[in-house]
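Being a predicted model, the structure only gives us computed values, none of them experimental. Proteins get letters first, then strands, A, B, ... in listed order; numbering begins at 1 in each.
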Protein chains: 2
Amino acid sequence: MSESAAKLKETFKNAPYKLGAHSDRTVQVLMEAFRNVEEELESDMYGAGAAIEDFQGKMAAFLGKEAAVFFPSGTMAQQIALRIWCDRRELKRVAYHPLCHLEIHEEDGLKKLHGIEAVLLADRDRVVGADDVLGMREEVACVLLELPQREIGGQLPPYEELEAISAYCRERGIRLHLDGARLLESLPYYGKTAAEVCALFDSVYLSVYKGIGGVAGAVLAGDASFAAESKVWKRRHGGDLISLYPYVLSADYYFERRKDEMGRYYEEAKELAARFNACEGVSTRPETPVTNMFHVHLAMPKEEAEAWLTSVIQGAGVGVTSYAKEAGDGASYFEISIGDRYGTIPPSRLDGLFERMKKGLPHQSS
Amino acid sequence: MSESAAKLKETFKNAPYKLGAHSDRTVQVLMEAFRNVEEELESDMYGAGAAIEDFQGKMAAFLGKEAAVFFPSGTMAQQIALRIWCDRRELKRVAYHPLCHLEIHEEDGLKKLHGIEAVLLADRDRVVGADDVLGMREEVACVLLELPQREIGGQLPPYEELEAISAYCRERGIRLHLDGARLLESLPYYGKTAAEVCALFDSVYLSVYKGIGGVAGAVLAGDASFAAESKVWKRRHGGDLISLYPYVLSADYYFERRKDEMGRYYEEAKELAARFNACEGVSTRPETPVTNMFHVHLAMPKEEAEAWLTSVIQGAGVGVTSYAKEAGDGASYFEISIGDRYGTIPPSRLDGLFERMKKGLPHQSS
């Protein structure tokens, strides 16, 4: 890590207030969730028992599916979902966005463990639309859609596009899988319930540690036979742990606490993005957020951005970001996801932050 | 579950004392481990950070290997170890015991995810010896030995056999992997340190929730390049969780508490097995335990054993077992693993238990 990157990370860490997330990722997240759990509660045992089944039942109902299965990770849950749909169709090919988690963050697990190849839909800088799916030349067993598309700032296609894609896939016998890592965060924009959105999909994965803010883990939901088969694959992957309760019980705790807060995070994200966009050389992607998240692009290279952000954070006492990444063409960017923390920042602090950001314009700071 | 099986399970659960294990598997196991953890401690992040690296370093030193990696499960760790050794030799074949965990408890993950086939060594009812390995006809990339062989009551080969197998494999370029789920439990019998035993092997897996008694998880150790490669596969399997600290920190807590208690558990297991063997129609396997564990065989069918055990537990107030399994030929058996709990049973209770077991002889109880 370069000196300027380390300095920014450290400065962010020590800032008294921070823009994004619910809290720092400390052991406190687990300990708070367990504060009121009964010590006598029996552990789940290899996927059985109330400690896991109760939450799975709750999530199945919430997502409007017959059954839900708790997984240690979304990486495991999604590879397994795609494998099941490929096996059913006896075709080891799926389609997804070029910046899909499976394509860029999983060391090619889908190919190396399951021998499944992927057709890439749409371009890197826009979401998948109905035209992309209807125009596919290769036959695939399953299409995966990510709502929102995280790597491009959390963008969402219009709901009508989802309906068109779902109708087309159903007609052709292509399974539609939802990468709903941030599904809850998408609901306020669509004005739909989770079950309404999930009804368009055959299977759905949900992360319990993003908007929900648990410790780790994922939920995979679908019909009963899909869920049963996913449990066999979960064992094969080494994910059928003797005890998953540390993740399950904390997921349940934070789900109850935050499931109805997503509308507030969304409104706050729009408000915050507008303030960034009012600074010269600073712009958000999307310009108007459609979830609790967005990317902030700076018209300056990474190292310069790191130094500038460090001085802004030190001056304002508000942590903006812990890092900056190259965006190409001498620009840089970072991601913001709004959680509980944003609402705790005194308005005067935010005012001070954006006064500084406007004053120290990126192109003048070098 | 049959009525007699359910009755035995319930009776065991409510018994004031119990022969095996450290404690009931409740949420208390996690909560005790976290009682003195600082809430400000930062989470591990995808395998990085002090919360995971400190324990990995400690385990590498303990096992005498260059590096150790924490995994969510032994299932995942061992498939990955075998995959790495197969890739290195460009040969997708390994050898292990017919009752190896990979063969009977993992839904064929090794074959279905990694395409690795297995040669079975020795017979189901005895441990693998040097003759079995030296007599192999097929070429293999790796031999896996499980110490102790759990499914036959926790048996161990003589140490000289291990040395002979290790020397032979090294000479032939065959990698030797240790399924050391219960490695610590084997050390008192061998009179060796963990590092001494592990020096015979190229890679080693250790469970943190058996003798150690953590919540879940496993450690995989080997040389630095093996460990680095295992982390890539861990990500592919979906085991590279954003936070593994609930398992890591509890593993560390119970490792420190129990690593020096294995000799006591072993002595207690021998004492307890002798008392079982003094009852007619009751015998242990092995007759004299070589670790903290053994199987208890009853000369009566499963259902009859369930009813008899239920009445013994009710009368003595000591939980013997929560289940009985078919052993063939009208016999049945159950497993005992000695942990912290055995030493807390008042001697008079144990005397009462074995008086009852001797009185109510299995062949008279029908």
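For the options H114(B), H105(B), Q78(B), R83(B), heavy-atom pairs under 4.5 Å to chain A are most numerous at H105(B). Contact count against chain B (heavy-atom pairs under 4.5 Å) is highest for M76(A) among M45(A), K111(A), M76(A).
Two residues are said to be in side-chain contact when any heavy atoms from C-beta on lie closer than 4.5 Å; E107(B) and K231(A) fail this criterion.
The contact list for residues 233-247 of chain B toward chain A, using heavy atoms and a distance under 4.5 Å, reads W233(B), R235(B), R236(B), H237(B), G238(B), L241(B), I242(B), S243(B), L244(B), Y245(B), P246(B), Y247(B) by residue number. Contacts between residues 17-32 of chain A and chain B, defined by a heavy-atom separation under 4.5 Å, are made by R25(A), T26(A), V27(A), Q28(A), V29(A), L30(A), M31(A).
Only the side chain of Q79(B) comes within contact range of chain A, judged by heavy atoms closer than 4.5 Å. Neither the backbone nor the side chain of F71(B) has a heavy atom closer than 4.5 Å to any heavy atom of chain A. Only the side chain of K13(B) comes within contact range of chain A, with heavy atoms under 4.5 Å apart.
Atom NZ of K9(A) has 12 or fewer neighbouring heavy atoms from other residues, nucleotides or ligands inside a 6.0 Å radius.
We find that R35(A) and E39(B) are joined by a salt bridge, their nearest charged nitrogen and carboxylate oxygen being less than 4.0 Å apart.
Going from atom NZ of K112(A) over to atom CG of L113(B) covers 14.5 Å, rounded to the nearest 0.5 Å.
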